[in-house]
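For ligands, and for the atoms within them, numbers begin at 1 and follow the listed sequence. Since we're looking at a predicted model, the values are computed, not measured.
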Amino acid sequence: MSRKTNRTVYLNGEYLPEGEAKVSIFDRGFLMADGVYEVTSVLGGKLLDFDGHAVRLERSLGELDMAAPISKEDLLEGHRELVRLNDINDGMIYLQITRGAPDDRDFVFPDPNETPSTIVLFTQNKPGMADSPVAKVGLKVISIEDQRWGRRDIKTVQLLYPSMGKMMAKAAGVDDAWLVEDGVVTEGTSNNAYIVKGGKIITRHLSNEILHGITRKAVLRFAREAQMEVEERAFTIEEAQGADEAFITSASTFVMPVVEVDGAAVGTGTPGPVAARLREIYLEESRKAAI
Ligand code: PMP
């Protein structure tokens, strides 16, 4: 099998060429999406908000009664070693932990003393990631029904519906989809969603209905520090269409303007000043605090 890339990846304590890293067909991540993940961005060879991701990982594992197979220190070491071995300046580190590979398929969780978790880390190289030209034009989104399960606060690898959402967006000729439940937006397929109205930043409150974005937390903190008004509540698609601005946040897109929702221009239909300012502050502060 020939591959387009030849990264060094991390699998259960070993650094291996990507083509040699193999996981069992009985792995519960493969059979049952019984696993959690994190994506940490790298800018200038340093990790952005590693601590935030490590804390959320621990929470995801705890919510699923999955043992933490690695200490935070070793996890940081693994991230840094992969950045070094793969010479990553800008990009991402993907981390996945599954409940491991028992001897056979069974709905019942295996005994963690007999079945160790599987842990995988790999890099994704994205030179110039922070200078994405998309930030200058913004994204177009459609709304789709949120058909995901009820524990979206746990960052599981169960990403089929978000994948389908991205495909629905693609088929509609736009960039992404916002998920709607009970008439209000939950979040984007792989990001948190925001609108700006009269200078106020509005984003859905935290609950089991959305992922507690690491970028969301940082951006809301920076916004408040900059004396911007923040309201954490659900909003409708109609409200988004009538807003002055809209944007999304995620670890890999940072703050990204949204300029169209279901075919209607948001504000002027171009990226707005609040999103641009938040992107600037987020990138500046995150780079400063990167480790
Ligand atoms: N919501 C969903 C559903 C996501 O998949 C993501 C990205 N993993 C986010 C929000 C943003 O989270 P973060 O800022 O931690 O990347």
Set of residues satisfying side-chain hydrogen bond (donor to acceptor under 3.5 Å, both in side chains) with respect to Arg80, sequence neighbours excluded: none

Residue that, paired with Arg99, satisfies side-chain hydrogen bond (donor to acceptor under 3.5 Å, both in side chains) out of Asp34, Thr118, Thr115: Asp34

Nearest non-hydrogen protein atom to atom 14 (O) of ligand 1, with distance, is Thr215 OG1, 2.6 Å

Is there a polar contact, in the sense of an N or O pair closer than 3.5 Å, between Ile214 and ligand 1? yes

Is it the side chain, the backbone, both or neither of Arg148 that has a heavy atom closer than 4.0 Å to ligand 1? side chain

Nearest protein heavy-atom contact for atom 8 (N) of ligand 1: which residue, which atom, what distance? Lys155 NZ, 2.3 Å

Specify side chain, backbone, both or neither for Arg152, according to which of its non-hydrogen atoms lie closer than 4.0 Å to ligand 1. neither

For atom 11 (C) of ligand 1, the option (of Asp153, Asn192, Asp146) bearing the nearest heavy atom: Asn192

So is Leu159 touching ligand 1 or not, going by heavy atoms under 4.0 Å? no

Charged N to carboxylate O under 4.0 angstrom, Arg233 versus Glu239? yes

Ion pair check, Lys72 and Asp51, cut-off under 4.0 Å: yes

Numbering as shown, the atoms of ligand 1 that approach Ser250 to under 4.0 Å (heavy-atom distance): 11 (C), 14 (O), 16 (O)

Mind checking whether Ile248 and Leu179 sit in one hydrophobic cluster, side chains of I, L, V, M, F, W, Y counted as touching below 4.5 Å? no

Let me check something: do Val39 and Val42 share a hydrophobic cluster, defined by ILVMFWY side-chain heavy atoms less than 4.5 Å apart, either directly or through other members? no

So which bit of Val39 gets within less than 4.0 Å of ligand 1, heavy atoms only: side chain, backbone, both or neither? neither

For atom 5 (O) of ligand 1, what's the nearest protein heavy atom and its distance? Ser190 CA, 3.4 Å

Inspect the contact between Glu18 and Arg7 and indicate whether a charged nitrogen and a carboxylate oxygen are less than 4.0 angstrom apart. yes

Numbered atoms of ligand 1 (with element) below 4.0 Å of Ala251, judged on heavy atoms: 13 (P), 14 (O), 16 (O)

In terms of atom number and element, which parts of ligand 1 are under 4.0 angstrom from non-hydrogen atoms of Arg56? 12 (O), 13 (P), 15 (O)

Looking at the rings of Tyr94 and Tyr37, which for Trp means the six-membered one, are their centres under 6.0 Å apart? yes

Among all protein heavy atoms, pick the one closest to atom 1 (N) of ligand 1 and tell me residue, atom and distance. Glu187 OE1, 2.6 Å

Just checking, is any N or O donor in the side chain of Lys155 or Ser60 under 3.5 Å from an acceptor N or O on the other one? no

Which residue and non-hydrogen atom of the protein lie closest to atom 12 (O) of ligand 1, and at what distance in Å? Gly213 CA, 3.5 Å

